[in-house]
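Quick caveat: nothing in here was measured; it's all calculated off a predicted structure. Each chain gets a letter, A, B and so on, in the order its sequence line appears, and its residues count up from 1.
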Protein chains: 2
Amino acid sequence: MQSQQAQRAQIAVDIESPEPLFAQLIEQIKKAVLSGQLGPGDALPSIRQLANDLNVNNKTVAKAYRLLERDSVIQTKGYRGTFVHPDAVVNSSFDLSARVQSSISEAIEACREAGATDSEIRIAFGHVMQNRTTGGD
Amino acid sequence: MQSQQAQRAQIAVDIESPEPLFAQLIEQIKKAVLSGQLGPGDALPSIRQLANDLNVNNKTVAKAYRLLERDSVIQTKGYRGTFVHPDAVVNSSFDLSARVQSSISEAIEACREAGATDSEIRIAFGHVMQNRTTGGD
DNA sequence: TGTTGTACCCTTACCCCAGAGGGTACAAAT
DNA sequence: ATTTGTACCCTCTGGGGTAAGGGTACAACA
């Protein structure tokens with residue numbers, strides 16, 4: 001199992017899991033918000049702090065925080081630290097990845113029904129993604 | 001340049017081109033049909049024959065033929081050989097890849113506007129494509 | 001026997017990407 | 001001086017895809 005706990009929040013990470021670490025962090029924090037373990041305005045451990053507690057890389061935690069802030073689950077206040085967003089509870093139940101996946105899924109299904117090969121679909125996808133790199137990780 | 005010509009049809013292939021060989025073949029044949037150089041019912045060189053003439057692998061030609069037949073540009077009659085499809089002219093102007101690409105493009109654009117990262121889109125795409133391998137190349 | 005398309009097997013090389021780690025640096029504030 | 005988030009640089013591992021080639025085999029014919 002090898003999970004390590006962060007004292008401040010109830011956050012654990014499983015290195016053995018196929019689920020990416022940053023995704024586990026996002027999931028954990030959202031879950032903590034939804035269960036009320038974390039309330040709006042609560043302070044989150046700093047990136048370096050949490051990374052150290054969980055024995056993961058700063059960038060991994062930073063990535064999770066970045067995504068969480070984009071989804072308005074947390075709020076970063078520069079040098080003052082990171083806090084739970086006022087609307088965190090509502091926003092935590094919103095899964096953008098799921099939305100994206102179903103959107104993509106529909107398009108793919110349509111292509112398949114049109115007779116397109118998986119290979120062709122992949123190629124087309126690659127071409128579209130290649131043409132503008134919006135940037136961002 | 002290094003292009004080689006097939007006597008029977010006006011088909012050339014450029015090894016230096018970044019365009020895949022099989023795609024060049026498809027394009028060439030469609031062009032030949034659209035320009036009237038190949039008419040419905042005309043016999044095409046056999047897979048092995050054309051592969052030999054152009055100095056490419058059998059499988060490469062076979063792949064092009066397979067896609068062309070799926071799109072009803074050509075017609076394979078088993079041991080008798082391959083022929084230009086009766087509706088070849090109409091079907092040659094239909095580019096499934098382009099259709100697929102625009103369909104995928106729309107979905108991607110929607111995801112981007114929803115705030116999704118390119119990375120997230122790729123991940124979602126990968127997940128969808130992974131779940132059912134329809135098979136086919 | 002030879003040709004047709006087709007279906008398998010396996011191999012090569014190339015490219016792109018995700019995930020994760022390591023390091024250094026910076027402005028803004030305390 | 002230290003902490004904060006953030007932005008760069010670099011690395012490595014692994015996975016999965018295409019494209020193309022090489023080979024062998026098959027049933028259906030002529």
Side-chain angles (χ1 to χ4, degrees), chain A residues 13 15-26 43-52 54-70 74-83 97 117-130 133 135-137, chain B residues 13-26 43-52 54-70 74-83 97 117-131 133 135-137:
Chain A
V13 149
I15 310 193
E16 311 294 334
S17 170
E19 185 82 352
L21 298 181
F22 81 92
Q24 290 185 45
L25 287 180
I26 292 176
L44 277 86
S46 80
I47 289 180
R48 292 176 178 84
Q49 182 68 51
L50 186 54
N52 194 59
L54 300 176
N55 259 310
V56 298
N57 194 282
N58 292 347
K59 301 204 58 173
T60 303
V61 178
K63 183 174 184 179
Y65 274 26
R66 187 177 354 121
L67 272 314
L68 283 169
E69 194 191 16
R70 183 204 56 183
I74 66 178
Q75 220 172 6
T76 165
K77 301 192 175 178
Y79 51 92
R80 250 168 302 171
T82 306
F83 303 87
S97 296
T117 294
D118 278 13
S119 179
E120 287 173 312
I121 296 176
R122 286 204 189 86
I123 301 295
F125 178 81
H127 285 158
V128 176
M129 292 302 286
Q130 200 174 6
T133 297
D137 179 30
Chain B
V13 148
D14 179 13
I15 310 194
E16 312 293 335
S17 170
E19 185 83 351
L21 298 180
F22 81 92
Q24 290 185 45
L25 287 180
I26 292 175
L44 277 86
S46 79
I47 289 180
R48 293 176 178 82
Q49 183 68 50
L50 185 54
N52 194 59
L54 300 176
N55 259 310
V56 298
N57 193 281
N58 291 347
K59 300 204 60 173
T60 302
V61 178
K63 183 174 183 178
Y65 274 27
R66 187 179 351 122
L67 271 316
L68 282 169
E69 194 190 17
R70 183 205 56 183
I74 66 178
Q75 221 172 5
T76 165
K77 301 193 176 178
Y79 52 92
R80 250 168 302 169
T82 307
F83 304 86
S97 296
T117 295
D118 278 14
S119 179
E120 288 173 312
I121 296 176
R122 285 203 189 86
I123 301 295
F125 178 81
H127 285 158
V128 176
M129 292 302 286
Q130 201 174 6
N131 286 349
T133 296
D137 179 29

**Request:** Starting at CZ of Arg66(B), measure out to CZ of Phe22(B) and round the result to the nearest 0.5 Å.
**Result:** 9.5 Å
**Request:** Could you tell me the separation between the CD atom of Gln49(B) and the CG atom of Asn58(B), rounded to the nearest 0.5 Å?
**Result:** 11.0 Å
Below 3.5 Å between N/O atoms, which protein atoms pair up with nucleotides 21-23 of chain D? Just atom names and distances, please.
{"residue": "dG21(D)", "atom": "OP2", "partner": "Asn57(B)", "partner atom": "N", "Å": "2.8"}
{"residue": "dG21(D)", "atom": "OP2", "partner": "Thr60(B)", "partner atom": "OG1", "Å": "2.8"}

**Request:** For Arg70(B), check side-chain contact (heavy atoms from CB on, under 4.5 Å) against everything at least two apart and list the hits.
**Result:** Thr117(A), Glu120(A), Leu67(B), Leu96(B)
**Request:** Quickly work out the Phe125(B) CZ to dC17(C) C1' distance and round it to whole Å.
**Result:** 13 Å
**Message:** Could you tell me how far apart Gln49(A) (CD) and dT3(D) (P) are, to the nearest whole angstrom?
**Reply:** 10 Å
**Asked** Base, sugar-phosphate alone, or nothing: which one does Glu69(A) contact when heavy atoms must sit under 4.0 Å apart?
**Response** sugar-phosphate
**Complete:** Separation of dT4(C) atom C1' from Ile74(B) atom CD1, nearest Å, is 13 Å
**Message:** Taking only side-chain N and O atoms of Lys63(A), does any of them lie within less than 4.0 angstrom of OP1 or OP2 on dG19(C)?
**Reply:** yes
**Asked** For Asn52(B) and dT4(C), what is the distance between atoms CG and P respectively, to the nearest whole Å?
**Response** 11 Å
**Request:** Let me know, please, whether Pro20(A) or Lys77(B) comes out on the 5' side of the other along DNA chain C by nearest nucleotide.
**Result:** Lys77(B)
**Message:** So, under a plain 3.5 Å distance rule, would you say the side chain of Arg48(A) forms a donor-acceptor pair with the base of dG5(D)?
**Reply:** yes
**Prompt:** OP1, OP2 of dA18(C) versus side-chain N and O of Arg122(B): anything below 4.0 Å?
**Reply:** yes
**Request:** Respond yes when some side-chain nitrogen or oxygen of Ser46(A) is under 4.0 Å from OP1 or OP2 of dT3(D), and no when none is.
**Result:** no
**Asked** Are Tyr79(B) and dT4(C) close enough that a side-chain N or O sits under 4.0 Å from OP1 or OP2?
**Response** no
**Prompt:** Could you give the CD-to-C1' distance, from Gln24(A) to dG19(C), as a whole number of Å?
**Reply:** 12 Å
**Prompt:** Nearest-Å distance, CZ (Arg66(A)) to P (dG19(C))?
**Reply:** 11 Å
**Length of the CG-P vector between Leu68(B) and dG5(C), whole Å** = 13 Å
**Request:** Hey, which sits more toward the 5' end of DNA chain C by its nearest nucleotide, Arg80(A) or Phe22(A)?
**Result:** Phe22(A)
**Glu69(A) side chain vs Thr76(A) backbone, donor-acceptor pair below 3.5 Å** = yes
**Request:** Verify, without hydrogens or angle tests, whether Gln24(A) (side chain) and Glu19(A) (backbone) share a donor-acceptor contact under 3.5 angstrom.
**Result:** yes
**Asked** Are any of Thr76(A)'s side-chain N or O atoms less than 4.0 Å away from OP1 or OP2 of dT4(D)?
**Response** no
**Item:** Partners passing ring pair (Phe, Tyr, Trp, His ring centres under 6.0 Å) against Phe125(B) (at least two apart in sequence or in another chain)
**Value:** Phe125(A)
**Asked** The side chain of Ile123(B) lies closest to which of these nucleotides: dT6(C), dT6(D), dG19(C)?
**Response** dG19(C)
**Message:** Rounding to an integer number of Å, can you tell me how far Leu67(A) CG sits from dG5(D) P?
**Reply:** 16 Å
**Message:** Measuring from atom CD1 of Ile47(A) to atom OG1 of Thr60(A), what distance do you get when rounded to the nearest 0.5 angstrom?
**Reply:** 11.0 Å
**Prompt:** Going from CG on Leu50(A) to OG on Ser46(A), what distance comes out if it is rounded to the nearest 0.5 angstrom?
**Reply:** 8.0 Å
